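Take a look at the structure below.
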Amino acid sequence: MRFDLPDTPPGAEALRAELRAFLAEAGRAWTPDIRARSWMGFDRDFSREVGARSWIGMTWPAAYGGHERSGLERVVVLEEMLAAGAPVGAHWIGDRQSGPLILRLGTEEQRRRILPGIARGELAFCIGLSEPDAGSDLANLRTKAERVPGGWKLNGRKIWTTFAHKSDYMIALVRTSPAPEGGSRHAGLSQFLVDLKLSGISIRPIRDLAGADSFNEVTFDDVMLGEDDLVGAEGAGWAQATSELAFERSGPDRYLSSFPALSQGLDALAANPVPGAEVSVGRMVARLSALRGMSLSVGGMLERGEDPAVEAALVKDVGNVFEQVLPEHLRGLLDPEDSPAELRALLAALTQLTPTFSLRGGTREILRGIIARDLGLR
Amino acid sequence: MRFDLPDTPPGAEALRAELRAFLAEAGRAWTPDIRARSWMGFDRDFSREVGARSWIGMTWPAAYGGHERSGLERVVVLEEMLAAGAPVGAHWIGDRQSGPLILRLGTEEQRRRILPGIARGELAFCIGLSEPDAGSDLANLRTKAERVPGGWKLNGRKIWTTFAHKSDYMIALVRTSPAPEGGSRHAGLSQFLVDLKLSGISIRPIRDLAGADSFNEVTFDDVMLGEDDLVGAEGAGWAQATSELAFERSGPDRYLSSFPALSQGLDALAANPVPGAEVSVGRMVARLSALRGMSLSVGGMLERGEDPAVEAALVKDVGNVFEQVLPEHLRGLLDPEDSPAELRALLAALTQLTPTFSLRGGTREILRGIIARDLGLR
Amino acid sequence: MSELRSILVEQVERLVADAGGVAPLREVEAGHFPQSLWDGLSEQGLALALVPEEAGGVGLSWGDAAALWQVLGKHGAPVPMAETMLGAALLSAAGVEVPDGVLALGEKAAPFGRHATNAVKLDGARLTLHPVEGATPGANIGREPRDDLTLGQRSAAGILPNSHGPRALRQGLALIRAAQIAGALERILALAVDWANTRRQFGRPIGKFQAVQQQLAAMAGEVAAVQVAVSNAARAVDARGLAEAGFEIGCAKVVAGEAATFGAATAHQVFAAIGITEDHELHHFTRRLWAWREEGGTDRAWAAEIGKLALARGGANLWPDLTARDA
Amino acid sequence: MSELRSILVEQVERLVADAGGVAPLREVEAGHFPQSLWDGLSEQGLALALVPEEAGGVGLSWGDAAALWQVLGKHGAPVPMAETMLGAALLSAAGVEVPDGVLALGEKAAPFGRHATNAVKLDGARLTLHPVEGATPGANIGREPRDDLTLGQRSAAGILPNSHGPRALRQGLALIRAAQIAGALERILALAVDWANTRRQFGRPIGKFQAVQQQLAAMAGEVAAVQVAVSNAARAVDARGLAEAGFEIGCAKVVAGEAATFGAATAHQVFAAIGITEDHELHHFTRRLWAWREEGGTDRAWAAEIGKLALARGGANLWPDLTARDA
């Protein structure tokens, strides 16, 4: 493993200033629950505004609606959005995963069809990975697409699909041929671009423990896909999806989810000083600073075209622990009876969300397994 | 699992008072290093004094030098010794493990030969379990005793044997017949009472990282044992040793090892108040109180003749974590520069000792495996 | 466990199970009071369980009561029976006749206050009883009613004996919550073990994975610690009265709060996605664990109190104080 | 990593390796100074590495220096080269000619003070150089010399520029220790991985057990965090000078201290009994980790400082402040 801090991109200061002005204005309307959910919050109007300001698809070619800026400038945007707790869920997946996938492996037709809409903040994506019998163990996927004249016929069921009920498209990983006897269990999987308005698709929202409906179960019943809905190479879906995950794991969304609580917690502690609180606060701030450096380093590697799969797993592992314990640390400092109502509400919302932090993008056990292999444990 | 607090034995108050007076006097001579080592410290003079006061072999029949008191009175003695950080290592193993084993499973001859000496604080014992190729995995033991006319011939090597170089006897677990093909890997092991003065035994002390020589490697080269040195049944050694371990795991030595530092830390904090320290202190004291309750509950079960194997594993697991983090918690409160020299020395000694806490009596992973099985994980 | 206690525990277990598992929890979280569960428990005379027999009650020990609260916690039982038991015990101790129905404790964020006919207030040693005239609904993170009440003129008053002390309400509530936490932790541990034995990943039950085993084993240790701490606290109340059991109650609430945090996180980690769905029963217990650790004094608040005491008494007294409190 | 830095790192790696692995560590812990190792490093001009070229030094950046200190830490190199580099940098910055030989930093518990010919003291911006006239030997938990010195009359003096600030010595030492911790952690992680692949229990290497894998993976995350925090701090010194890099240095020392504690515990847990023997090399590194986390300010002390600053600046400034410090 190897972490090198990248240089700050030119113009970062000005970009940050623009973002902060925008977010300060937009943020007036956000309740503690919205801030706590941040990228788990879905707000199409907000995403369209972000798109209008050229902050989605920032690194993509102009031909596809992108803005041809550097990856590190993009990181500036992501950081600022998350630090403010902005509800970025309607464009997050498209900008982070689905768009880059299509740009890298999609056909020219797919690029022109999809990317500009994502960049405008108008097309929302979800990722169809998990299934009832395949959570962490994706090789066990059963949803399948069969070749038929003119395209593919999709049947099966995806679960835990975030925002499927509000999205336009899903990138689905499904089986297109059986795993070869004695061969890799990961062979025979392919990725498809699925328009969620197609007939044969039914979407059932699954309410979560906090009462929100971000998850879904999506059923495919003889859904007809065109030839041009296959993304990348047939049978290469596993490798494609895996490199997508690596990309996903290093972003600031892996350590900033609880940040709004820290920021508000500082004010609560300044207003009602708690003896000795500075030590815990300093420990959280130090770790935040280190995590930001780790995440930026991976950003720099991605920018240079390197493959930081393990570094990304490390960021997510250390970052998730931080996100999960941060509300607990604050709770250990601030007695709820003495805390401002807004912070109390934010902490209550976070408490119910934190269990998800170490699930999305791979469970802690899976990530640590990846890291262990890289360390040379065999 | 099931924990019920036992009633305090009658006379406990008076017994505690006696012990405290004795320990206050004896403790004048103990350096921080001695207090930090506590039951890892070996002091034959001290053990003889403890024996003279009838505090060893307390529950054994008078016929074997015991004092026929209750197991809960015995717990009072153990607690007071450890809370004071007394160097009890010269009689600890004999009193806790080897004596009870011989009392339960030994021959009448063995009882008369051994127990009175232990109770007087004169016979010191060590336990020969680990071998170079068998640490946690005791089924892999290679040291073996072969039947020969008149007894047994012992060959092999034991390692990590605490105080072998200062002890009189070892209770050794060795192979007396090969593990049956396809049968239990634990079959064919037996326990022996080994007089360490026998010819053919060589003992090499292993210095530990703090420079102390409590560990040893013990080599047996055609050591001749008598018929009457077999303890318990031939081939039943594994079960015998395992039930011994369960007994070992629940004692106050599993959560009190760092207690002297807490006690001195309170004084240092009272002298130089640290804002907010009371919260950490309260958490440590609360956990100490709960652990004491858990340990006493197991003591009560043993007294009633029950088999608290899992409860004992739980005490050791929770207790070891407490013992290990306690010095770190104190370090998190007291800057070394402001601490009294004696506390600093005590913490330095403990820092180097804490890694051993989760080894002796079974590693954390092994213990948790035992607990998981009992929970019904399969 | 005494025979009486076993019988009581079994009775309450059965009543709560008969009420339909998590059904009453869903009911109360949707805004309805599970009247039949309340009635069933009331008919057993549970509300007066801590009132001495000579005063018309059942005369249970606090140890027995804590065992019952643990059962209530194990089922998340969404009725204020534990609170009512405490209120009745205090009223009776102060010589006030115990009214029928739900008793609210205090007037701010009172547990199930909207369903109470009367509320108990404590000021120093002076205990007063008030009719509940109105309630502003609120809820904790477990979605249990926690209401701010409008109380009428006191309808009765009395003086608590010294053995109860001016913090009897807070201490009693802390012990209740610690006991409920012990029960809820026992429940989610059992749920997690079942799930680990059922759910398959990578071709085998996840309970076969060492990482899962180690986490659940560590959780079992925490559950045991809370159970012992709660027993110890209840025993101290029986031996010396509420006023003199603050240390043990505080220890129980500290250990319970820490274990609730760790246990909820561990269970969710084992259950992964399914555990955070509304349909699954897990969250009824984890949300209550998160709520209960805050009520009756947080673990932080109690730790500060115990810690201050220990610091004031000094290192040489720590061990003698601890052992001197053996009930 | 720049090419210059790679070459330097490689050179120092080779010199330290040539000195015989842990042999010099055993030597110094037995009371002897590993003179040949010191001489080898000195001959490379390392002592003057942070002195600008125009002042006769090598003119390395702090980033380069931190990389070297990490290498020294990785080998536990028991010579005060990092301290001497810092002393020389400060002397040179204050316009004082740098004397040959070991430099002691301060006079209380001075690292390797008994082997120093001169000592550097800082009072406000005033830096003074003194001959060492006597030493009362002491040691840290790593058994490295930490001596109280008797110093002679100052032999030279100068004023540090504002860019260094009155805490330049403490901050420089904090950065050194954080970098050494990063290196030592890298080392014990590698040792633990090797051991896990070699040591067999229950018929397979212990590295096959998921519990061991998960622990070492968690440790790798901590190692990465320290490395990044150290790079970030060194970069801040290069960009803004020591005086303005207190925040980043403090962050590095906090993260390093926490990681040292966790990493040493984890490595010992993996190594079990063999790891706590004097014969095994592990403890040379874990004892140094325990010692180094205390020196140059504990993680607690630095956390308090950073935390106070963050509290004074308020929540709204936390993120802007953090990003404004991008070097």
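Values below: all heavy atoms of this structure, side chains included; hydrogens, waters and symmetry mates excluded. These figures come from a predicted structure and were not determined experimentally.
Heavy-atom minimum distance, A310(D) versus V281(A): CB-CG1, 4.1 Å. In terms of heavy atoms, A304(D) sits closest to V279(A) at CB-CG2, 3.9 Å. For V228(D) against A290(A), the heavy-atom pair with the smallest separation is CG1-O, 3.7 Å. Across all non-hydrogen atoms, the minimal contact from L377(A) to Q213(D) is CD1-CA, 4.0 Å. Closest approach of A224(D) and M294(A) over heavy atoms only: CB-CE, 3.8 Å.
Note that CG of N232(D) is 8.5 Å distant from OG of S297(A), once rounded to the nearest 0.5 Å. Between atom CG of residue N317(D) and atom OG of residue S263(A) there is a gap of 9.5 Å, rounded to the nearest 0.5 Å. Summarising the geometry, atom CZ belonging to F259(A) is positioned 7.5 Å from atom CG belonging to L322(D); distances are rounded to the nearest 0.5 Å. Considering CE of M219(D) and CD1 of I371(A), their distance stands at 13.0 Å, rounded to 0.5 Å. Atom CG of D317(A) sits about 9.0 Å away from atom CD of E222(D), to the nearest 0.5 Å.
For A301(D), no part lies near chain A; criterion is any non-hydrogen pair under 4.5 Å. For a residue to count as touching a neighbouring chain, one of its non-hydrogen atoms must lie under 4.5 Å from one of that chain's; by this rule E305(D) does not touch chain A. Looking at L256(A), only its side chain comes within 4.5 Å of chain D, counting heavy atoms on both sides. Residue contact with chain D, scored on non-hydrogen atoms closer than 4.5 Å, is absent for D374(A). Only the side chain of Q210(D) comes within contact range of chain A, judged by heavy atoms closer than 4.5 Å. Contacts of E365(A) with chain D are made by both backbone and side-chain atoms, with heavy-atom separations under 4.5 Å. Neither the backbone nor the side chain of R373(A) comes within contact range of chain D; no heavy atom of the residue lies under 4.5 Å from a heavy atom of that chain. Only the side chain of L314(A) comes within less than 4.5 Å of a heavy atom in chain D; its backbone stays farther off.
Of the listed residues (P320(D), P205(D), G257(D)), the one with the most heavy-atom contacts under 4.5 Å to chain A is P320(D). Note on P273(A), G376(A), A270(A): by heavy-atom pairs under 4.5 Å with chain D, the leading option is G376(A). Top candidate by heavy-atom pairs under 4.5 Å with chain A, chosen from A252(D), A225(D), G315(D), is G315(D). The most heavy-atom pairs under 4.5 Å with chain A, out of A229(D), G207(D), S231(D), A220(D), come from A220(D).
Under a 4.0 Å N-O distance rule, the pair R235(D)/D4(A) does not qualify as a salt bridge.
Using a 4.5 Å cut-off between non-hydrogen atoms, the part of residues 171-196 of chain D that approaches chain A consists of L189(D), V193(D), A196(D).
Taking the side chain as every heavy atom from C-beta outward, R368(A) and Q215(D) never approach each other to under 4.5 Å. Counting heavy atoms from C-beta outward, R283(A) and R300(D) have side chains that approach closer than 4.5 Å. Residues T323(D) and R20(A) have side chains in contact (heavy-atom distance under 4.5 Å, counting atoms from C-beta outward).
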R16(A) and D326(D): salt bridge (charged side-chain N to carboxylate O under 4.0 Å, His left out), yes or no, with the steps?
CA-CA 12 Å; R16(A) 280 194 204 280; D326(D) 287 349; 3.6 Å; yes
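Cation-pi geometry between R292(A) and W319(D) is satisfied (NZ or CZ under 6.0 Å from the ring centre, within 45° of the ring normal).
The number of heavy atoms from other shown groups lying within 6.0 Å of CD (E281(D)) is above 12. The environment of E10(D) atom CD is sparse: at most 12 non-hydrogen atoms of other residues, nucleotides or ligands sit within 6.0 angstrom.
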